[in-house]
Structure formats: C-alpha cells, structure tokens
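Computed from heavy atoms alone, side chains included, the values below leave out hydrogens, waters and symmetry copies. Numbering of ligands and ligand atoms starts at 1, following listing order.
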Amino acid sequence: MDQSGVTTETPKSPWGSVAPAAPACSLADVMSEQLARQLDEENHAFPTLTEPGADPLSLDEVPDTASDLMLAQMLQMQFDREYDDQLRREEKKFNGDSKVSISFENYLKVHPYEDSDSSEDEVDWQDTRDDPYRAEKPQTTPRKGFAGKGKNITTKHDEVNCGRKNTARMDKFAPEVHVGDGLGMDLKLSNQVFNSLKQHCYTEQKRSAKLHEKKEHSTAEQAVDPRTRLLMYKMVNSGLLENINGCISTGKESVVFHANGGSLEEQPFPDEVVLKVFKTTLNEFRNRDRYIKDDYRFKERFSKLNPRKIIRLWAEKEMHNLARMKKAEIPCPEVVVLKKHILVMSFIGKDHVPAPKLKDAMLGSEDLKNAYYQVLHMMRQLYQECNLVHADLSEYNMLWHEGKVWLIDVSQSVEPTHPHGLEFLFRDCRNVSTFFQKKGVGEAMNVYDLFNTVTGLHIPVDTEDEAAFIAEIVALEKRNEDHVQKRGKKTFPVTSEDSGPPLQLDADD
Ligand code: ADP
Ligand code: MG
C-alpha cells in the first residue's frame, strides 16, 4: 500500500461525498448586513427633502429623516416641549395666588429663543437673556413711562417688572443683611413686601449701630471702654503701675482690678494695689445723684458739670472720704493716686487674693463677736470723727482681713447734715444689726439702739413703731436743713478734732 497516496488524496468518506464547506463568516457581519438592509428600507419609506434650505422643524414641511442626528433632535424637541408644558403647569400650581412668585423658567428645556412657537416668547426678559435675573441691571422703563407697542405695552407699574426690580434692589441692602438666594432667582417682590423688608433692614442697621456704640463707650463687663483702657496703659507706661492683673469685681458702678504698684517721683507705691474704675455709663449713677448733689461739698460743682465729669466726682468723693477715714485710723484702703475716674488704692488681701467680704468670711462665734464690736466702733468713729455716714454699709462692703474688719466703698458716703443723711444711717444700722443678729451674735443691738449709740442721740425707742422713729429722724433732718439754710453751708465745719456729735437732738437754732 502506497503510504504517500493516503496522505495526499482526500479520504473517501464511507457515508458518501462531502460538499465543500462555505467560507467562514462572523456573526457581526451578518448583523450589520441585516441592519444595512433595514435602514435602506426605512429610507425609502420617507420622501426626500427637496429644498435644502427648508426649515427642518416646520411641521408643515415633511421633515428630513435622512439624518439620524436630525431625527434624534426632532424627537428630543418634541419630548422637551411636553416636559416644558408640564413644568409650566407645575409652576402655576406652585405659585397659586402668592404675592411672591417663583419662576421655573430656568428649568425649561426649550428656551424661548429656540422655540419660536411658544406664545410666551414675548416676555420682557428676553432682552437680557444672557442672565435674565441679573440683579444689578433691572430693566428700566423709559422716561415716557411705558415700553413696547400696541397690546404689548408695559408700564413702569407692570407687576412683573416691578417685582423683579424690587428683588434687584435687595442687593443694595447693607452687607450684613442676608438676602438669601433670592437675587439669583426670578423672584418678584411686591412693593408692600419690599417696603417692609427695607424698613426691617434699616431698623436692624440702626439697632446694631446703637449696640456697637454702647459697647464702645461703656465700661463693659470685665472690660473697660477704650478711653479708660488708654488711661490704664498710660499709668503703666509712666511707671505708676508695674502691671495690671485680673479683674477682682465688676459691680454696677465700678470695675475693680488688681495691679502691682510702681512709683511716683521716686516714691514707691504699695506692691499690691487695686484700681477702682468708676463706670462711665451713667444710668447707675443717675439713681445715686441724691448722694452727691445734696452734699454741700460738691453741690456747686455738681450743677455745672457734664456727666463724664460727674463720674470723676464720684471717684474724688471716695478719695476724700477714704482720707478722712485714714485720719481717724479706721481700717480702710489707703489712697495711692487718683487719675480722672480711676482711683488707685492699697489692696486689702494678700498675694493676689482679695480679703473676703464679711458676708463670705467663715468666722467662728468669737471672731463674729469681735467683728461686731469693731463695726460698732467704726460706725461711731465714722460719724463722730469723720463726720460721715457710710450710706451703703452692709456685709458686702466690709472685708475681713488679718483679724480686722475693713471698710470699703465709700464713694456715696455723705455727711450727717446731708438732707437724707440720718435716713441713710438708719438703713446702715438696720443692715448691720440684722446681719449680726442673724449670725447669732447675742450682743448685737437692735437697729434703734444702734442708731442712738452711733449718733449719740436719744430718740425714744418703741420697737413696735418704726414709723415713729423714722418720723423723728426726718424731723431732725428738716430742722438741720433749715439751720443750714439760715447759717450758710459751713455750719458744721469738717474737722476731725470736732469732739461732739455733728447733730444734737436739742440743738438750738
Ligand atoms: P462697688 O461700688 O462696685 O460695690 P466696691 O468698692 O465695693 O465697688 O468694690 C467691689 C469689690 O471689689 C469689693 O466687694 C471687694 O471685693 C473688691 N475690692 C474693692 N476694693 C478693694 C481693695 N482695696 N482691696 C481688695 N479688694 C477690694
Ligand atoms: Mg460695694
């Protein structure tokens, strides 16, 4: 058997002869051929567009469907129109009768300049369609008062135009007024709404200006106004003070700071001092006018001074009163220097820690009894030797330091001849008496006995009848007032050598 013949000849199939196979063809080719045929058929289904310049969008004309792109655009346009119609319906429903309306124009698919069919083409803002809602350029009405022609006339009162102009004007509101996103939308604000917004904006601006001003000119909580701050810096710069530390107290009438003393003309100050800054807001002091304007020492000056200077007078008054107390050796802060409305005095306390107020001091019964007798003695000294009534004496204005009671806060202290001096003293006596009695000091006198002891007067005491006691005090004040009127203001000269009490119950006129 010829082996080579076997390999070269096509083997004969025992099942019969095999037809030669068709050349292989990919599925993609088959598909694209089918597609081509289909497209060709579709092509023939539409007549061809004869005029090349004809409007492809005109419905009267037979559209050119030869281009897939054109076809797609036409379908898209139809779809967009339907979408826009729906959007307009929604816009109408959303706005209802509201005075402030929101336009959905921005969301339309077919913009008026593309859609010549739209009956709403005529809207005015087409003129500014680059940015129809631009706030800076609201459409202006010509001088003649209207724009447009025939039935398309729009006057300056046109609701839509006015609304848009109002919205644009919001841009001119003060920067701190937040007008929100309204400027970017086609908001139409009615005149009424715009006017109330404008009014609100002005009121807010004024209010904030007022607040700001108040803050700048007052000695604010924990801080001081710029003028005072400058004065304080100057005190450090000039060497009067080493440095100013924290704030010890902020009261209604003053702010008290701790500071380290420097020196003045080679004379050293105490190491620890306080700065009592009298507040430059006058409201609180107005209530206290009667403490100063009826004090003959300050009467004449008071009437001539402006409010800022009156504040300085308070500081000066405290300084004078402290000086008198020092002379009588009553434990009290020592005046270091007075600069305008800042009084620098020695610090009662140690290592930055101020002495506690009597109200806060934790005292045993023995110390309390001690404190009581000290206060009693001080009150007598104040009246008899210093010719003063504290006029705000209470456990709040007495400090407990080194086993002693120290008197502070004497800016409002007056002389007993003050038209209300004895009433003030009676109030002081009540505070002292109540405090020590409450603390369980058995020796503490009642208010009437304390008053008589301090003054040396012998006003009859009927503990059931406070009104009668006060009436007696007022009568005494009146008699003294008449006396002062007759003899002039220096009837009771202020000298610490004065031995007798300044007021006598039976003083003959
Ligand atoms: P105000 O008129 O505000 O009551 P004060 O003179 O009573 O002013 O001072 C307020 C507070 O500051 C006091 O209660 C006291 O705690 C503290 N203070 C005032 N002066 C001194 C001082 N010299 N040393 C230590 N603390 C003081
Ligand atoms: Mg006080």
Side-chain H-bond candidate by donor/acceptor type, H377 with Q374, under 3.5 Å: no
F347 neighbourhood, listing ligand 1 atoms whose heavy-atom distance to it stays under 4.0 Å: 24 (N), 25 (C)
Parallel, tilted or perpendicular: ring planes of F424 versus H418, cut at 30 and 60 degrees: tilted
Shortest non-hydrogen separation from A371 to W400 and the atoms involved: CB-CZ3, 3.7 Å
Sidechain N-carboxylate O distance under 4.0 Å for K478, D482: yes
For K276, atoms of ligand 1 separated by under 4.0 Å from a heavy atom: 2 (O), 5 (P), 6 (O), 8 (O)
I348 contact mode with ligand 1 (heavy-atom cut-off under 4.0 Å): both
Interfacing atoms of ligand 1 (cut-off 4.0 Å, heavy-atom, S249): 10 (C), 11 (C), 12 (O)
Charged N-O contact under 4.0 Å between K276 and E318: yes
Part of V256 with heavy atoms under 4.0 Å of ligand 1, whether side chain, backbone, both or neither: side chain
Whether H258 and F347 hold their rings parallel, tilted or perpendicular, with breakpoints at 30° and 60°: perpendicular
Lys/Arg N to Asp/Glu carboxylate O, K438 vs E395, below 4.0 Å: no
Distance filter under 4.0 Å to P333 heavy atoms, resulting ligand 1 atoms: 23 (N)
Pair F94 and F104, ring centroids less than 6.0 Å apart: yes
Ligand 1 versus S411: contacting region, heavy-atom distance under 4.0 Å: neither
Ligand-side contact atoms (ligand 1) for residue partner G251, heavy atom cut-off under 4.0 Å: 3 (O)
Short side-chain donor-acceptor distance under 3.5 Å, D225 and T228: yes
Listed protein N/O/S atoms, distance to the Mg ion (ligand 2) under 2.8 Å: N397 OD1, D409 OD2
With N431 via side-chain hydrogen bond (donor to acceptor under 3.5 Å, both in side chains) - residues at least two apart: none
Test of proximity, N397 against ligand 1: N or O pairs below 3.5 Å: yes
